[in-house]
Amino acid sequence: MEQLISILFVYILIENFVLQHFFGVCPLLDSSRNIENAAGMGMATILLMTLSTLVAWLIYTQVLLPLELYYLHLLVFIMVIAVLGKAVETLFRRYFPYVHQQVRFFLPFNCAVLAAALLVIDNNFTLLEAVIFGFAASVGFSLVLLVMAGVRERLAVYGVPAVFQGAAIILIVAGIFSYALTTGLGGIYSP
Amino acid sequence: MPNYLKSALVFIFAGIVGGIFLTGVNLWAEETIEERQLQQELAILEDYFPGVASYKEDEVEGMNAQLVYGKEKEFLGVLMTTRQQGYSDYIVYQLAVDRQGKIVGLKVLEHNETEDIGGVIEEPEFREQFLGVSFQDTVSEKVEVVSGATESTRAIIDSVEEVMEVVEEEYLNQ
Amino acid sequence: MNSVILQDIWRGIFQENPVFRMFMGLCPLLGVSAYLLSGLSMGLIFTGVLICCNLIFALLQGGIPAQVRLPVFVIISATLVTTVDIILQVYYPGMREELGIYLLLLAVNCVFFARVEVFASRRPLVRSIFDVLGVGLGFTIAIVVLAGIRELLGTGALMGAEVFGPHFEPIRMLREAPGAFIALGLLMALANTIYRKYRLLDDDTENEAGEGGSLWNS
């Protein structure tokens, strides 16, 4: 149990997918314009990533390992994520049309979800750990997205110098978030 | 054939083609990679068992064992990799024992002990005490616990004692 | 013919620079730019994979139903990236360790470019290759600059060779995540300044991230 809570904590905050490993930066720039966007994207990502890590773990341990097909992992994972992504998108289009409009849906082609699946292999998780990991990573990602959206809404009011408009300011803000995380929380974790 | 189905088939077909291609590439690369890994493992073992030519993996009592053999397939010794609860977290270390049951090496691979305190287990002064200790000795008589880091060092000492027992039972009758 | 090709390449580097204009491929960019050598390798590999992907896909374009084009392209890039991964394992295992997971993430990034180049542009094969070459070079330039700065100011050495003297105090933050973000952000601002100054943009593309990259729309 302790291990699970530890995983949650670590991957949401300390090894945050976006701020520490740069995995969710692609959609960060895109979907953090306002809070609705961010929330929608966050929800969709949580769903997709948790599902993906689950399926990835299953495929890896039940199919790829026993058959010694390790080298196919990237290909298989990408295919699976593409299918799952499509499924999630259809789901959202039917049941949450408002969200679907808000979010630009090309989740499958998101570095973060693929990265999560790949890391499941690297880290030798058990099934439960893998799912929690996927959940935690996506929650961490959504968290960053939401906070960034809040900041951007403010910035839209206060104005940003012309050269910093667009990605530049987002990256710098992200850098400050990242610094807060690594410096502020780093002391708790590392020996 | 409905469009949907056709698309799905093309998708799966493409996936299979990709898979076959990758299988080919992998077959080409496999040998080289395995050879290199073998060389790396042997290099590590060489440190403790000069003249090593091959090794065999085994698992016993939750520990990982590598039985080391020389050129004439003679048994040289065994390298045990095991983990033990230390002060803050698990310590992962390796113990090399030669065929007479004497310790020829101890190396800490991973630990989360406090750097300046429990971290002493990595120090040569501490580890060197283990060299030459035989399976007939009582480890705690030959190696001193370091005051101020009692839990960490005691953990290693006790663990080595246990590992030596396992080694004696399983491997020294070669 | 020649000048058109050059124009295509030029465009990939400047107007359509994947990093500074289209904000793509940032994951591998940030992830691998701690050292100049890794950055350079990543850039070159990216360019290579992009070109191959494009080549294969342009050749296959006719035989694939529209609906499934994108997924098939994804498969092609995944296969290609895995091949590169295996080849690296054989010849340059050290570099492969460095690049690690970011190499595999290239598979996803390539797809984006396909959408623009192959779908939208519908140019003849040869020209689209040069398009993509330009884009790849643009990425490589960006990552080399970023990695160069990060390694130089972060460790005081460039490609392992000491540049500043022993009294130089490296900016440690640049070697880790926060520094990467901030360095890239500043670099982007610099790029924006250059673009504005030299009028390399049309006026209406100077707006927020996401809008300028209208390729997101299907």
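Just so it is clear, the values below take in all heavy atoms, side chains as well, and ignore hydrogens, waters and symmetry mates. Every chain is numbered from 1, with letters handed out A, B, ... down the list of sequences. These figures come from a predicted structure and were not determined experimentally.
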How about CD on B/E144, more than 12 heavy atoms from neighbouring residues, nucleotides or ligands closer than 6.0 Å, or not?
no

Side-chain touch B/W28/C/I87, heavy atoms, less than 4.5 angstrom:
yes

Does B/Q100 have more than 12 heavy atoms from other residues, nucleotides or ligands lying within 6.0 Å of its CD?
yes

Flag the one option from C/I76, C/I86, C/V72, C/L80 with the top tally of heavy-atom pairs under 4.5 Å to chain B.
C/I86

Using side-chain hydrogen bond (donor to acceptor under 3.5 Å, both in side chains) as the criterion, list what pairs up with B/Q84, not counting sequence neighbours.
none

Quick check against the 3.5 Å criterion: does B/R36 have a side-chain atom that pairs as donor or acceptor with the backbone of C/P93?
no

Measure the OG1-CG distance between C/T82 and B/N26 for me, rounded to the nearest 0.5 Å.
10.0 Å

For C/Y91 and B/T32: C-alpha separation, side-chain torsions, deciding distance, then whether side chain to side chain contact (heavy atoms under 4.5 Å, CB included) applies.
CA-CA 9 Å; C/Y91 292 118; B/T32 322; over 6 Å; no

Rounded to the nearest 0.5 Å, how far apart are CD1 of B/I20 and OG1 of C/T79?
11.0 Å

Does B/E31 have more than 12 heavy atoms from other residues, nucleotides or ligands lying within 6.0 Å of its CD?
no

Point-to-point distance, once rounded to the nearest 0.5 Å, from CZ of B/F21 to OG1 of C/T83:
4.5 Å

